[in-house]
**Q** 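My structure is below; once you've seen it, I'll send some questions.
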Amino acid sequence: MAHDLGFWTLQALNALQLSMLLFLLSIGLTVIFGLMHFVNLAHGSLYALGAYFAASLAAVGGYWMGFFLAPVAVAGVGVLLYSGLIKRMRKSGPMAQVLVTFGLIFAMLDLTRIFWGDLALAIEVPALLDGRLAFLGVEYPTYRLFIIALGLAIFTALAFVLGRTQIGAMIRAGVDNDAMAACLGINVERLFFIVFCFGCALAGLAGAVAAPLLSVTSDMGLQILIPTLIVIVIGGLGSLKGAVAGSLIYGFVQTFGAVLAPQLASVLIYALLAAVLVIKPVGLFPAKG
Amino acid sequence: MFRHNSLRYAVLALLAAGALFQALTAEYFGLEILTEILILAILVLALDIVAGFGGMVSLCHGALMGVGAYTYAILSTKAGIAPPVALAASIALTGAAAWVIGAICSRSHGIYFIMATLAFGQMAYSYVFEAPIFGGDDGLGGISRLDLSFIGVDLNDSRSFALFCLAILGAVYGASVLILRSGLGRSLSGVMHNEQRMRALGLTVWRVKADVFGLSGMIAGLAGALAAQHILYISPGLLSWTVSGEALVVVILGGLGTLVGPLVGAAAFVVLKHELSAVTTYWHLVVGVILIAVVMSRANGIFGWIEARWGARIERRLADTTRKAEAKEVLTDA
């Protein structure tokens with residue numbers, strides 16, 4: 001396997017792009033998970049919903065309208081879900097939550113089919129991001145570079161908010177010990193609500209961003225769900241660091257696995273997950289020590 | 001520990017009578033649906049043993065069933081091994097795989113256990129999907145059923161096959177009850193209720209979990225080998241995590257930890273699926289809404305709801321009638 005440096009740079013960029021997409025999805029899920037101890041299997045469905053909203057909005061007002069409004073619309077769906085279902089399921093065990101959100105996956109799968117039909121939709125890449133860019137000696141699609149940049153920007157913003165602001169400190173306190181945080185006068189219930197809606201918005205954003213790369217189908221949420229869960233379980237629940245580490249591990253193992261050992265690529269990541277669960281059952285960087 | 005009460009016996013008798021009636025009178029399509037229900041019922045019994053009596057909510061039972069199906073198919077078609085031996089081998093292999101998974105996952109609890117089993121299930125799924133020996137995406141065909149002609153039964157006839165599956169389901173139900181009543185089953189419910197205390201009592205907790213998971217895997221493997229013989233064709237879709245999710249849905253719909261409930265759930269789920277898909281293509285939506293409603297209602301599924309609402313009353317009435325009958329006997333004797 002004699003490949004030049006450019007080939008490897010290209011693969012690394014591919015891996016990075018996959019990682020950033022997964023990061024957008026997993027950060028919302030992992031904080032919801034860590035803060036609320038809530039297992040939301042329907043997170044992938046919210047991502048699919050984001051892609052559908054983006055496709056419909058893009059048809060009306062162009063790509064950027066979809067890009068900015070789809071997350072808002074998905075956050076709106078999140079508000080409905082929270083007040084209708086999730087608030088009541090907070091105190092139930094993990095199995096009840098898994099089942100309710102599994103039911104939600106079923107319901108949302110068919111609802112998207114009812115509203116948007118069975119055919120796959122496509123979104124055009126905006127003119128601004130169309131084409132290729134010479135980067136580190138390789139030609140790489142500008143849109144994919146945009147995804148990488150977006151992921152890094154969101155990561156930086158979240159690292160700042162979680163690490164340096166008051167609301168970030170409140171969230172970290174809630175993840176660490178919600179009862180104690182409530183005793184200190186933090187309205188944990190409202191915090192949950194905000195975090196949940198923000199997580200939904202990020203899932204919607206991921207869907208809107210992924211839509212031009214993949215075609216928009218009703219089962220795209222199911223396809224992304226397992227990788228997202230792997231990311232947060234490898235990384236450890238509730239932590240930003242874990243979500244980043246998990247996303248990078250998944251992206252690179254998946255991409256380079258497919259290049260170096262195509263026979264084993266798909267099994268590799270699951271074997272890695274099993275190994276992590278055996279050695280460190282709570283993941284690499286859990287929020288709680 | 002698992003106990004039968006009059007209500008459970010009554011529902012079991014009703015289910016058995018219904019299945020037998022269907023098996024003897026139905027046409028081809030009805031028999032196919034019946035067989036589908038029976039095979040699903042075997043799988044959900046396996047799942048109920050670990051999830052309902054051991055608190056081990058597994059999302060890899062679909063994959064275990066797939067392992068059983070593929071082992072049977074590969075051994076009986078490509079390796080040319082006699083079907084009965086292939087059946088035994090598929091049960092043994094699936095049991096062994098499940099034992100290993102159970103041993104590895106025994107330290108995890110709650111959501112981590114669910115995720116770990118999901119990981120193992122997906123690992124099997126993607127391996128089968130990719131490896132050329134398993135036929136990849138195309139699946140495997142040309143599977144033959146067991147040959148029972150020496151006792152005069154031709155399993156290629158769908159009525160005989162349905163009756164065969166019914167007999168196996170009965171045997172599996174009996175075996176499940178025996179497992180749950182054995183020392184192992186009692187240790188298991190002890191572990192579910194208080195793992196720390198069982199450990200303090202000197203029990204090797206991981207062994208108990210692994211053993212039960214292995215036994216449950218054997219049942220799932222049997223269901224898989226039957227499924228392969230039923231459809232005579234298998235595809236990697238059988239191992240997908242949504243199959244495990246659906247099995248869990250059936251257990252919950254029926255009533256977790258009741259053994260009888262999942263049987264009711266299997267019948268309700270398959271019938272609902274066929275009736276709904278005849279009316280609308282959006283049957284997932286209806287099933288999803290029903291599932292959400294059942295879980296939110298906090299009842300333990302259909303059977304759990306019946307048991308909670310009418311169990312005591314029916315129990316009392318049945319006790320009354322037996323007492324009256326006895327009294328009458330005493331009178332006539334006198």
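All values derive from a computational prediction rather than experimental measurement. Order of the sequence lines fixes the chain letters, A, B, ..., with proteins taken first and strands second; residue numbering starts at 1 for each chain.
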**Q** Specify the closest pair of heavy atoms between A:Ala211 and A:Ala51, including all atoms of both residues, with the distance to one decimal.
**A** CB-CB, 4.2 Å

**Q** Who wins among A:Leu273, A:Val267, A:Val100 for the most heavy-atom pairs under 4.5 Å with chain B?
**A** A:Val267

**Q** Tell me, for B:Ile290 versus chain A, whether the close heavy atoms (under 4.5 Å) come from the side chain, the backbone, both or neither.
**A** neither

**Q** Hey, do the aromatic rings of B:Phe120 and B:Trp241 have their centres closer than 6.0 Å?
**A** no

**Q** Between A:Ile269 and chain B, which part of the residue has a heavy atom less than 4.5 Å away: side chain, backbone, both or neither?
**A** neither

**Q** Non-hydrogen atoms of chain A under 4.5 Å away: do they reach the side chain of B:Leu291, the backbone, both or neither?
**A** side chain

**Q** For each of B:Val289, B:Val294, B:Thr281, B:Val286, tally heavy-atom pairs with chain A at distances under 4.5 Å, and name the one with the top tally.
**A** B:Thr281

**Q** Picking from A:Val233, A:Ile226, A:Val98, A:Leu268, which has the most non-hydrogen pairs under 4.5 angstrom with chain B?
**A** A:Ile226

**Q** Which value, rounded to the nearest 0.5 Å, describes the distance between A:Arg172 atom CZ and A:Leu162 atom CG?
**A** 7.0 Å

**Q** Does A:Phe196 have its ring centroid less than 6.0 Å away from the ring centroid of A:His43?
**A** no

**Q** Within a strict 4.5 Å, meaning less than it, do heavy atoms of the B:Ser106 and B:Val205 side chains meet?
**A** no

**Q** Give, as side chain, backbone, both or neither, the part of A:Ile234 having an atom under 4.5 angstrom from any heavy atom of chain B.
**A** neither

**Q** As an exercise: rank A:Leu109, A:Ile114, A:Leu222 by heavy-atom pairs under 4.5 Å with chain B and give me the winner.
**A** A:Ile114

**Q** Measuring only between side-chain heavy atoms, which start at C-beta, is A:Phe102 closer than 4.5 Å to B:Leu248?
**A** no

